[in-house]
Amino acid sequence: LDSMVVEDGYDGAKLGSEMTQEFIDDMIERFKNGKLLAKKYVYQIIIAVKKIVYDEPTMVEVEVPEGVEMTVCGDTHGQYFDLMELFRRNGVPSDKHWYLFNGDFVDRGSWSTEIALLLYAYKWLRPNNFFLNRGNHETDDMNKVYGFEGECKAKYNDRIFRLFSESFSALALATLIGSKYLVLHGGLFSDDKVTLDDIRKLNRHSQRQPGQSGLMMEMLWTDPQDEPGRGPSKRGVGMQFGPDVTKRFCENNGLEAVIRSHEVRMDGYEVQHDGKCITVFSAPRYCDSTENRGAYINIGPDYKLRYEQFDAVPHPNIRPMAYAQSSLMSSLM
Ligand SMILES: O=C(O)c1nn[nH]c1-c1ccccc1
Ligand SMILES: [Mn+2]
Ligand SMILES: [Mn+2]
Ligand SMILES: [Mn+2]
């Protein structure tokens with residue numbers, strides 16, 4: 001890395017051995033204007049964040065101290081200009097304004113590298129008050145089909161995609177807020193006996209991709225259903241869990257609720273299962289087609305959940321999945 005030089009003509013801020021707010025501010029403007037980062041800096045950012053997140057527990061545990069507000073965001077799916085709107089409405093990450101992004105940062109929207117690099121830059125700058133959960137779109141199979149792999153190759157190169165892929169495998173799978181709210185991308189389990197300790201003890205590094213079964217797959221893929229019990233997944237992967245499953249899990253683990261994402265909601269969020277299963281989704285006008293709002297959840301030291309909604313903003317005329325490799329091409333590669 002040290003021997004790598006910044007390409008000629010790069011007119012952005014310099015990055016030294018540590019991330020700075022100044023670099024982030026410059027990066028935000030560059031991305032708004034359709035510019036890229038120097039590849040050397042992209043390598044540095046991903047490598048630094050992979051190291052940070054690799055050493056985090058599979059379930060990160062965080063309290064909200066006095067004077068701090070924690071915002072939980074759901075899927076952003078490469079919708080960079082809508083993420084800018086969220087930060088404009090709700091405030092940017094700072095020492096007093098902590099953020100947790102609950103997976104599916106990339107794919108679908110065509111500014112996935114911009115979102116991934118911005119979230120990673122914040123994680124590097126503020127490792128203890130900026131949090132990232134893995135989603136089912138932080139996986140190779142989804143990135144090949146839904147645009148992130150193609151976007152990395154189009155804007156940067158294949159090595160950068162492979163570095164992102166390794167960093168995605170290192171991400172935490174859940175975040176426990178105030179011992180009250182378990183935040184994870186998909187949802188609960190086919191086995192009633194799963195406890196927070198099982199999640200803590202899960203060695204996420206032994207399996208880079210979630211596969212078709214097991215705790216990691218279920219945490220990234222399952223969905224709530226209104227009917228009691230469990231049902232088949234509509235996605236062909238995972239399963240669906242009813243209000244009784246959520247009630248038992250919360251009782252067994254001393255939780256007030258499970259906060260998850262993974263599904264679009266017309267209001268940007270939905271409270272289900274008698275208030276014990278909350279979906280939050282932060283990609284308004286999803287894929288430029290669904291007329292949904294976006295939402296995020298603000299949590300203060302009182303641990304009350306405050307829901308806020310926001311609307312999509314105009315973006316440059318690049319369609320969703322503009323860089324997705326055609327399925328034929330990617331199957332031939
Ligand atoms: O791309 C999405 O909308 C999405 N977000 N989470 N999971 C999916 C998904 C899963 C399987 C097939 C298509 C989309
Ligand atoms: Mn606000
Ligand atoms: Mn999603
Ligand atoms: Mn998802």
Side-chain angles (χ1 to χ4, degrees), residues 72-80 82-83 86 100-113 115-116 119 132-151 164-165 168-169 171-175 182-189 209-225 232-241 258-270 272 277-297 312 319-327 330-331:
V72 178
C73 300
D75 302 35
T76 47
H77 275 306
Q79 299 185 196
Y80 178 76
D82 296 323
L83 177 58
L86 190 158
L100 163 59
F101 283 84
N102 190 27
D104 283 15
F105 323 131
V106 299
D107 278 345
R108 299 282 190 187
S110 293
W111 290 271
S112 291
T113 56
I115 288 200
L119 298 186
L132 299 171
N133 284 340
R134 188 178 189 183
N136 66 302
H137 276 270
E138 280 71 50
T139 61
D140 292 350
D141 290 350
M142 302 302 272
N143 293 161
K144 180 173 278 297
V145 174
Y146 291 97
F148 184 60
E149 177 175 339
E151 187 183 323
F164 265 122
S165 166
F168 287 167
S169 298
L171 289 167
L173 301 181
T175 303
L182 181 67
V183 187
L184 72 182
H185 179 70
L188 297 180
F189 307 94
Q209 303 298 316
Q212 299 291 317
S213 65
L215 285 189
M216 182 192 290
M217 182 279 292
E218 295 189 333
M219 292 172 76
L220 267 48
W221 275 97
T222 60
D223 294 301
Q225 62 180 36
S233 163
K234 294 189 177 66
R235 306 167 186 265
V237 184
M239 42 73 80
Q240 295 190 162
F241 56 96
V258 172
I259 297 173
R260 46 86 67 175
S261 297
H262 193 39
E263 288 179 295
V264 64
R265 290 288 187 272
M266 292 314 286
D267 290 335
Y269 75 98
E270 184 181 11
Q272 294 173 262
C277 181
I278 294 139
T279 297
V280 62
F281 191 84
S282 305
R285 195 176 302 134
Y286 188 39
C287 302
D288 289 354
S289 56
T290 309
E291 280 310 312
N292 65 291
R293 305 193 72 189
Y296 48 87
I297 306 171
R319 71 185 189 288
M321 289 180 37
Y323 307 96
Q325 295 155 320
S326 73
S327 52
S330 49
S331 63

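For ligands, and for the atoms within them, numbers begin at 1 and follow the listed sequence.
Taking backbone and side-chain atoms together, H77 has an N/O/S atom less than 2.8 Å away from the Mn ion (ligand 3). Counting backbone and side-chain atoms alike, S261 contributes no N/O/S atom closer than 2.8 Å to the Mn ion (ligand 4).
For D104, the N, O or S atom with the smallest separation from the Mn ion (ligand 4) is OD2. The N, O or S atom of D75 with the smallest distance to the Mn ion (ligand 3) is OD2. Of all N, O or S atoms in H262, the one lying closest to the Mn ion (ligand 4) is ND1.
Aromatic pair F148/F168: centroids less than 6.0 angstrom apart.
With a 4.0 Å cut-off on non-hydrogen atoms, V237 does not touch ligand 1 at all. The residue E263 has no part lying near ligand 1, judged by heavy-atom distances below 4.0 Å. With a heavy-atom cut-off of 4.0 Å, F281 does not touch ligand 1 at all.
For ligand 1, the atoms lying closer than 4.0 Å to a non-hydrogen atom of H77 are 5 (N). Applying the 4.0 Å criterion to heavy atoms of R235 picks out, from ligand 1, the atoms 6 (N), 7 (N), 8 (C), 9 (C), 10 (C). In the vicinity of W221, heavy-atom distances shorter than 4.0 Å reach the ligand 1 atoms 10 (C), 11 (C).
Of the protein's heavy atoms, M142 CE, 3.5 Å lies nearest to atom 11 (C) of ligand 1. Counting only heavy atoms of the protein, atom 5 (N) of ligand 1 lies nearest to D104 OD2, 3.0 Å. Looking only at protein heavy atoms, the nearest one to atom 7 (N) of ligand 1 is N136 ND2, 3.0 Å. Nearest protein heavy-atom neighbour of atom 14 (C) of ligand 1: R108 NH2, 3.3 Å.
In this pair, H77 and H137 present their aromatic rings perpendicular. The plane angle is above 60°, beyond the 30 to 60° band.
Using a distance-only test at 3.5 Å, with no hydrogens or angles considered, a donor-acceptor pair links the side chain of N292 to the main chain of Y286. In this structure a side-chain-to-backbone donor-acceptor pair under 3.5 Å is missing from R134 to L173. Judged by distance alone, the side chain of T279 and the main-chain N or O of E270 form no donor-acceptor pair under 3.5 Å. Side-chain atoms of S261 never come within 3.5 Å of backbone atoms of H185 as a donor-acceptor pair (strictly under, hydrogens ignored).
One finds the OH atom of Y146 at 10.5 Å from the CG atom of D141 (value rounded to the nearest 0.5 Å).
On a distance-only criterion, H185 and ligand 1 share no N/O pair closer than 3.5 Å.
To the nearest 10 degrees, the angle centred on the Mn ion (ligand 4) between OD1 in N136 and NE2 in H185 reads 90°.
Under a 4.0 Å N-O distance rule, the pair D75/R108 does not qualify as a salt bridge.
Other residues, nucleotides and ligands contribute only 12 or fewer heavy atoms inside 6.0 Å of the CZ atom of R285.
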